[in-house]
Amino acid sequence: MKMSNSEKTANIVIYLIMFVMVLVVLYPMWYILIASFSGAAEVSAGNVILKVHDFNMGAYKRVFAMNGIAKAYFNTIFYTVFGTLLSISLTILGGYALSKSRLYGRRGLLLFITFTMWFNAGMMPTYLTYQTLNLVNTRMGILLCGAVSTFYVIIMRTCFEAIPDSMEESAKLDGANDFQILCSVYLPLAKPTIMTLVLYYMVSRWNGYFWSMILLKDDNLIPLQVVLKKLIVTMSGLYDNGSTNADTTQTSAETVVYATIVIAAAPMLLVYPFIQRFFAKGIMVGAVKG
Amino acid sequence: MSKTRTLRRLTSEEKKLKRYKLWQGIKRDKLLYIMLIPFVLYYILFFYMPMFGLQLAFKDYSPLRGIIGSQWVGMKHFVNFFTGPYAWRVIRNTFMINIYDLLINFTATIVVALMLNEVINKHIRSAIQTVIYMPHFVSTVVAAGMVVSLLSPSSGIINTILVKLGMEKIYFLAEPKYFRGIYTAMNGWQSIGFGTIIYTSAICAIDDSLYEAASIDGAGRLQKIIHITLPGIAMTITVMLIMKIGHMLSSSAESVLLLYQPITYETADVINTYVYREGLESANYSYSTAVGLFNGIVSFILVIGANKLSHKVNNAGLW
């Protein structure tokens with residue numbers, strides 16, 4: 001079939017807009033990346049636009065020489081790994097039990113959890129709750145904070161509900177109890193959804209900032225995002241006052257910030273292409289029914 | 001007399017039977033209930049205990065007396081908030097920032113999803129998707145850090161370009177008039193691409209035969225989009241809109257907090273950032289709780305209202 005002229009123009013317009021969109025998404029990241037490897041003098045002169053000028057690793061050396069970066073990195077990994085484990089365990093337990101229509105009190109429990117999607121007590125009462133439970137400035141507090149997303153529980157429940165009851169019945173005849181059925185029948189079948197939720201939880205753990213900033217006072221406990229934020233504030237304070245523009249020709253406050261940004265964002269962006277297919281699997285569709 | 005007695009006996013027997021059934025059910029499903037214990041405990045501690053703490057909005061919090069022991073003061077904090085100088089400012093800013101976000105980013109997400117669907121080459125399409133989903137994996141701190149760096153007056157790339165073009169440097173983040181635009185752009189950068197996922201999967205679910213029939217009838221591309229694709233995803237759009245409106249008041253705090261500074265409070269300060277400053281920086285616990293409660297109630301009304309409305313318009317809602 002031959003394309004008409006208007007078809008052709010439509011195609012060109014679409015590709016053009018998409019190209020601009022891709023550019024707008026990529027360029028800021030690209031700029032930060034090349035600037036972090038470039039000489040500070042070149043960066044502030046505005047020469048670094050498309051590629052690295054005066055290549056050097058000075059900014060990275062300074063970041064890693066800084067106190068606390070390694071510790072912050074460790075903390076972020078700790079919170080991400082154990083936090084995600086906690087989150088997904090609670091989500092599976094709740095989602096599974098609530099997927100059984102025979103369960104007494106299910107309607108009430110569902111209302112009990114969905115209500116929290118509609119109404120939130122707000123920042124202060126939540127903070128005071130953490131204080132009452134002695135969770136302020138503890139690792140446990142960060143692990144528990146935001147551990148369960150009601151929305152994901154509902155997705156999990158919808159997924160379990162879609163698995164036919166006959167699977168459960170035949171396992172029951174073999175003498176399996178509910179816990180064994182969950183582990184050996186339901187978990188393997190729900191694996192795609194569970195993987196997707198694990199990834200969602202993981203990303204929000206890795207990138208989480210607000211409550212870590214509020215709940216943690218001890219520098220030994222803070223994750224990377226909080227360190228990065230502190231760094232940006234102090235550094236931008238430095239160069240916006242015009243006091244120190246470039247410490248040397250090779251590194252400056254801002255190239256150090258760029259390097260820290262790269263270090264903080266890189267792990268998620270590097271694993272992302274490999275996990276992308278899980279995200280695209282139309283997982284939300286299930287939630288809409290819930 | 002005797003009739004009522006039999007009735008009463010029946011009901012009590014029924015009750016017994018019910019209780020027996022319930023007991024049997026609990027016994028049968030005891031493992032499920034055990035699974036629910038940590039889950040429900042989590043909700044009680046971290047969702048409902050804060051709600052219990054909301055009483056502080058009507059009290060003067062004293063750390064020594066605790067939440068329960070503090071003195072009741074009625075509506076004092078609400079009166080203070082609404083007669084104070086900041087109520088109108090933070091309400092207006094919250095509203096405006098969300099209007100910007102809805103008009104620009106929410107619409108853009110749908111438009112981009114529709115366009116993506118029109119990219120016929122599969123490889124190019126998935127390449128585009130891979131790129132535009134990316135910013136979702138960048139944290140708000142990193143995104144804000146990028147914005148601050150790129151807009152920096154001393155050496156940010158934007159100002160460098162402005163100078164090269166012979167224009168004056170602009171300290172974007174210190175000018176109240178630019179704040180909403182910057183916030184919306186940053187939010188859009190982070191969310192538009194990833195937001196298309198849900199619409200893409202909704203478009204996939206549309207029956208192909210509809211498009212074929214339309215082609216036979218001689219419908220062009222645009223006509224197909226208007227008459228088939230858009231109606232096909234109308235449900236999804238409604239649901240997303242409800243969720244967006246429902247989260248309107250709570251979502252913006254983190255990004256604003258990372259971008260604003262006292263000089264831009266005029267247009268930047270939203271309800272939640274105000275709650276944050278009053279509560280955690282100035283330790284006005286009760287006052288902050290009251291403003292937060294106001295925020296929560298308005299949110300609640302918005303979600304319920306949006307859902308009701310969508311039932312009327314679309315015959316479908318979130319629940």
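Each chain gets a letter, A, B and so on, in the order the sequences are listed, and its residues count up from 1.
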How many angstroms lie between [atom1] in [X] and [atom2] in [Y], if you round to the nearest 0.5 Å?
X: F115(A); Y: F300(B); atom1: CZ; atom2: CZ; value: 5.0 Å
X: Y104(A); Y: Q24(B); atom1: OH; atom2: CD; value: 9.5 Å
X: M21(A); Y: I128(B); atom1: CE; atom2: CD1; value: 9.5 Å
X: L32(B); Y: D178(A); atom1: CG; atom2: CG; value: 4.0 Å
X: L280(B); Y: M123(A); atom1: CG; atom2: CE; value: 7.0 Å
X: T129(A); Y: I67(B); atom1: OG1; atom2: CD1; value: 6.5 Å

For this session: Kindly write out the residues that satisfy salt bridge (Lys or Arg N to Asp or Glu O under 4.0 Å) with R125(B), not counting sequence neighbours, or none if the list is empty.
Result: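 Listed in chain order: nothing, the list is empty.
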[X], part contacting chain A, at a heavy-atom distance under 4.5 Å:
X: L302(B); answer: neither
X: K21(B); answer: both
X: L114(B); answer: neither

Highest number of heavy-atom pairs under 4.5 Å with chain B: which of [options]?
options: V13(A), I32(A), L135(A), N120(A); result: I32(A)
options: I92(A), V43(A), V48(A), L93(A); result: L93(A)
options: M29(A), M18(A), M124(A); result: M124(A)
options: Q225(A), Q131(A), M213(A); result: Q225(A)
options: L26(A), L269(A), T126(A), L144(A); result: L144(A)
options: Y31(A), F112(A), Y15(A); result: F112(A)

Looking at N121(B), V112(B), V147(B), which has the largest count of heavy-atom pairs under 4.5 Å with chain A?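 The answer is V112(B).
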According to the interplanar angle, ranging from 0 to 90°, do the rings of Y127(A) and Y285(B) count as parallel (below 30°), tilted (30 to 60°) or perpendicular (above 60°)?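 Answer is perpendicular, since the angle exceeds 60°.
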query = Can you tell me if N207(A) uses its side chain to pair, donor with acceptor, with the backbone of T140(B) under 3.5 Å?
reply =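 Not confirmed, N207(A) side chain does not pair with T140(B) backbone.
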Any side-chain to backbone donor/acceptor pair from Y272(A) onto T130(B)? Under 3.5 Å, distance only.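 Indeed, once roles are kept as given, a pair shorter than 3.5 Å links the two residues.
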Show every side-chain hydrogen bond (donor to acceptor under 3.5 Å, both in side chains) that has at least one partner inside residues 32-51 of chain B, sequence neighbours left out.
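Listed by first then second residue: T150(A)-Y43(B).
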